Amino acid sequence: MKSARKRTSHSIEMRIFVLLFFTTIFPSVRADLCAHCDCDFLSHTVVCNRPSLLVRTVSMLPNIQQLHLNSLNLPQPPHFLFHPNLRVLRMSRCGMHEVPGSTFLPLPGLEVIDLSNNHLETLPPTVLRSLKFLRVLILTNNRISNLDQLAWILAPEVVLEQLDLSGNPIAIATSMSVFPPVRQLFLSETRMESVNETAIMFKKLPGKCEKDVCRHIPIHNLNISILTTIDLSSNRDLEIDLGALNVFSNATYVDLSNTRLPIGFEEWLERKSRVKSLNISHCQIPLHEDTWTSCGQFLHSMDISGIGAKRLRLSRFCPIRTVFARDNLISNIYIDSVSIESLHLERNMFSEFPIPPPGVELTELHTLSLSHNLMTSLPPHALQSYPNLQHFDVSNNQLSEIDPQAFPSIGLGLISLDLSSNQLSSLPHPILPSLLLLDLSSNTISHLDPHFFKGLPMLQQLRISSNPTLFSRCPNHESPCWSDHLDELTSLVDLDISNSGLEFSLHLRHLRTLKSLLLRGNEIRVIDAKSLPENLRTLDLGENRLQFTSNFSKLDYLKDLRVDQNPLRCDCSLYDIVPHLLNQSQISDPLLYYCFSGSWQYPLLPYLASVKPCIDTTRNFYSVLITTFIIAFAIVGSLIGGFLIYRKYAERANFVYKRISLMESPVRL
Ligand SMILES: *[C@@H]1O[C@H](CO)[C@@H](O)[C@H](O)[C@H]1NC(C)=O
Ligand SMILES: *[C@@H]1O[C@H](CO)[C@@H](O)[C@H](O)[C@H]1NC(C)=O
Ligand SMILES: *[C@@H]1O[C@H](CO)[C@@H](O)[C@H](O)[C@H]1NC(C)=O
Ligand SMILES: *[C@@H]1O[C@H](CO)[C@@H](O)[C@H](O)[C@H]1NC(C)=O
Ligand SMILES: *[C@@H]1O[C@H](CO)[C@@H](O)[C@H](O)[C@H]1NC(C)=O
Ligand SMILES: *[C@@H]1O[C@H](CO)[C@@H](O)[C@H](O)[C@H]1NC(C)=O
C-alpha cells in the first residue's frame, strides 16, 4: 500500500520537503517528507508519527491539505512556511509546552486545529486571531486551568463548530470568561462542581484563587442559542441543577454521564428537551419505583447504563431507535415502542427471556443483546415477536435448554447468534438461511443433530471451542460423528474447535473456503495435512499430542502455523514446517517449542538449523532396503535352491526308495 502510494507520488511529481534535524547526525538534512512520513495523495494528507523524527521547519507543496504530526517530540510547534491550502493540522501527543503567538500566521486557511494530549497551560490571546476559517479547536487533555485566557481568542465573526476542552484541570473562571461562540462544546473531566441556570462552578484547586468569584462563569457568557451539543460527562460529583437543564433544552446531543442529575430530570426529558442523543450512563438519578419510563419527543438514542434501574418501560409514542441499558438490575421490560432498532441489556437480572407485551411486534429491532444475565431457557416462540432480528446475543447466561420452537421455522434473517458460555448440552436445528456467525463455545455440548448444519447454508464462522464433551460420543475415527457433517458448511471461513477433547484428525478437505482452523488444546496424535483444506491460512495445533508433522508443504497458502506444546520428535518430518516455525515469535521459548529424541527433551529452535528433508534419509533407507532385499533375495533364493535340490534328492531318495520298493515289488510279484 505504502509503496504504491509512493510510486504515485513520483508519477505526479509531488514532493514535499522538510528540514529534518536528527539529534545524532548532521545539524540539517534536507529530505523528502514522504521518506519519513506517510503521504496519501488521494486525500492530500501527510502523517508523521515516528518519535525519532525532529521536525523544525515544514514546507509543503501547495496541494497538501492535511498535516498530522502525532507522537513526535515537539516541545514547540515547528516553523511553518506560508501554506494557505492547509486545512487540517494535528499535533497530538507531542509533549508541547507552548504555542507561540505567531505559529499559525503562515497557515491562514486552517479549519481544524488539534493540539490534544500535550502540556499546554494556555494559548496566547492572538494565536488564532488570523484564522478566519477556523471551525474545530481540540485542546483535550492539556493543562489549561484558566478559562479567562480563552476569552476573545477567535477572529471576529468566527463561530466554532466544535471546541473540546475535555480533560483540562480548569480552576479559574470569572465573569470575564467568555466562551468562544461554539455549537458543540465538550467539557468532560474539567473539574466542574455545579451547573445551574445562572452559573457554572469549578472545584477549588489548592494554590489557585479559591474564592467563589474566581471559579464560576456566568452561563450567559456562553452563547446558548447556537449550542447543539453539550458534553459535561465524567465530572465526578458534578451537581446538575434543573435550571441548567432548561438552559440546555435545545441541544440535540447531551452527554451527562457520570454526573448527578436532579429530581425532575425525567419530566424535563419528556416535556422540554429536544435532545436526540442522550447519555446519562452511571449517573446518580432519583428513579420513581426503580423504573425508567421516560422518553423525549425527539429521542433517537439513549444510554441509561448503570443507573440502578430495575424495570424499563418505553411507550408506543417513544421514537427511540437505540437503547443501551447495560449494568442495571433490570429483570422486567415493557417495550411498546415499535421504532426500536437496537436494544442492549447486558449485565442485568433477567431470569426469563423478555418478550414484548401481547400483540406487539418489534419489527424494526435488528440487534438484541442479553448477555451476562440469568436466563435458563429460551421458551417456545421466543423470537416470534422480533421477526427482523439480525444479531442476537444471549451469551453468558445459564441456558440449559433451547426449545425446538424458540426460533420460528421460516423467515428469520439472523446474521449472528451468540450462545456461548451457557450450559447447553444439545441444540435444536433451526433453519437460519442467512446466519454468518454462530458461537457455541464454552457449553457442554455432546451431540449435534446430523441435520444441524443443513439449516445453516451461509455460515462463515463457527466457534464451538471449550465444549469438553463434544466428542464423547465419537471418540475415534470409526464411529459416526457430528463432525462428519462439517463439510456441508460450504461457505465456512473460520472454524474454532479448540479445547474439546478431539483425538483424531478431521476430514475437512472439502471446505475450500476455510481459512482459519483452530484445534488448540485437544488430544490429536496424528495430523494428516492432506485431510486439511488447501486454502488454509491459519492453523493452530498447539497443546496437542503430535509427534510428527507431514505433508505440510502441500498447504501452499498457510501463513500462520502453531504447533507449540506438542511432544514432537526431533525428526526430519519437521523439515516441511521449518519456515512456518521460524516465523513464530515464540519459537525461541523452550517451554513452548521443544522436541524429543529418545526420552530427552531439546529446545526446538537449535534443532531446526540442522534438520534435513526426509527424502535423503528415505533414499538411504531405500538403498538399505534394496540391499537388504537383494541379500535376502539371495539368501531366500539359495534356501529355495537348496530346498529344491534337497527336494530333488529327497524325491530321488524317495524314487530310489520306490524304485527299491518297485524293485521289491517284482520281488513280491
Ligand atoms: C447558581 O450557582 C451559583 C454558584 O454556585 C450560586 O451563586 C447561585 O446562587 C446559583 N443560582 C441559583 C439560581 O441557584
Ligand atoms: C449568539 O450567536 C448568534 C449567531 O452567531 C449571534 O447572532 C448572537 O448575537 C449571539 N448571542 C450572544 C449573546 O452572543
Ligand atoms: C429553544 O428554541 C426555541 C425555538 O427554536 C426558542 O424559542 C427557545 O428560546 C430556545 N430555548 C433556549 C433555552 O435557548
Ligand atoms: C456514554 O458515556 C459512557 C461514559 O462516558 C461511555 O462509555 C459510553 O460509550 C457512552 N454511550 C454511548 C452510547 O455513546
Ligand atoms: C503424506 O502423503 C503421502 C502421499 O502423498 C502419503 O502416502 C502419506 O501417508 C502421507 N503422510 C501422512 C503422515 O499422512
Ligand atoms: C512469514 O512471515 C512473513 C511476514 O509476516 C510472511 O510474508 C511470510 O509469508 C511468512 N512465511 C510463512 C512460511 O508463513
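Bear in mind the structure is a predicted one, so any value in this text is a computation, not a measurement. In listed order, ligands and their atoms are each counted from 1.
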key: Contact with ligand 4 for S233, non-hydrogen, under 4.0 angstrom   = no
task = Consider only side-chain N and O atoms of N117 and N141, and report whether a donor and an acceptor are under 3.5 Å apart.
result = yes
ask   = Taking only residues two or more places apart in sequence or in another chain, which ones pass ring-ring contact (aromatic ring centres under 6.0 Å, His included) with H344?
value = F324
ask   = Side chains of T293 and T291: do they bring a donor and an acceptor to under 3.5 Å?
value = no
inquiry  = Just by distance, no angles: are the side chains of Q398 and T376 close enough, under 3.5 Å, to form a donor-acceptor pair?
reply    = no
request  = State the atoms of ligand 4, each with its element, that fall below the 4.0 Å cut-off from a heavy-atom position in F324.
outcome  = 13 (C)
message = Checking the N or O distance criterion of under 3.5 Å, is ligand 4 in contact with S257?
response = yes
R215 to F202, cation-pi by 6.0 Å centre distance and 45° axis angle = no
Under 4.0 Å from ligand 2 - residues by heavy atom, chain and number = V159, N223, S225, I226
ask   = Polar-atom distance check: N196 versus ligand 1, any N or O pair below 3.5 Å?
value = yes
task = May I ask you to check whether S234 has an N/O atom sitting below 3.5 Å from an N/O atom of ligand 4?
result = no
ask   = Side chains of F392 and D418: does their closest heavy-atom pair fall under 4.5 Å?
value = no
note = ligand 4 to D303, heavy atom cutoff 4.0 Å, flagged ligand atoms 1 (C), 8 (C), 10 (C), 11 (N), 12 (C), 13 (C)
Pairwise disulfide (SG to SG under 2.5 Å) hits with a residue in residues 310-368, at least two apart = C295-C318
query = Do Q66 and H68 have a side chain donor and acceptor closer than 3.5 Å?
reply = yes
ask   = Which pairs count as salt bridge (charged side-chain N to carboxylate O under 4.0 Å, His left out) when at least one residue sits in residues 151-165, sequence neighbours excluded?
value = E161-R183
inquiry  = If the cut-off is 4.0 Å to any non-hydrogen atom of M201, which atoms of ligand 1 fall inside it?
reply    = 4 (C), 5 (O)
query = Which of the atoms of ligand 1 are close to T198, meaning less than 4.0 Å from one of its heavy atoms?
reply = 1 (C), 10 (C), 11 (N)
request  = May I ask whether H216 places a heavy atom under 4.0 Å from ligand 1?
outcome  = no
inquiry  = Can a side-chain donor-acceptor contact be found between S225 and N223 if the only test is distance below 3.5 angstrom?
reply    = yes
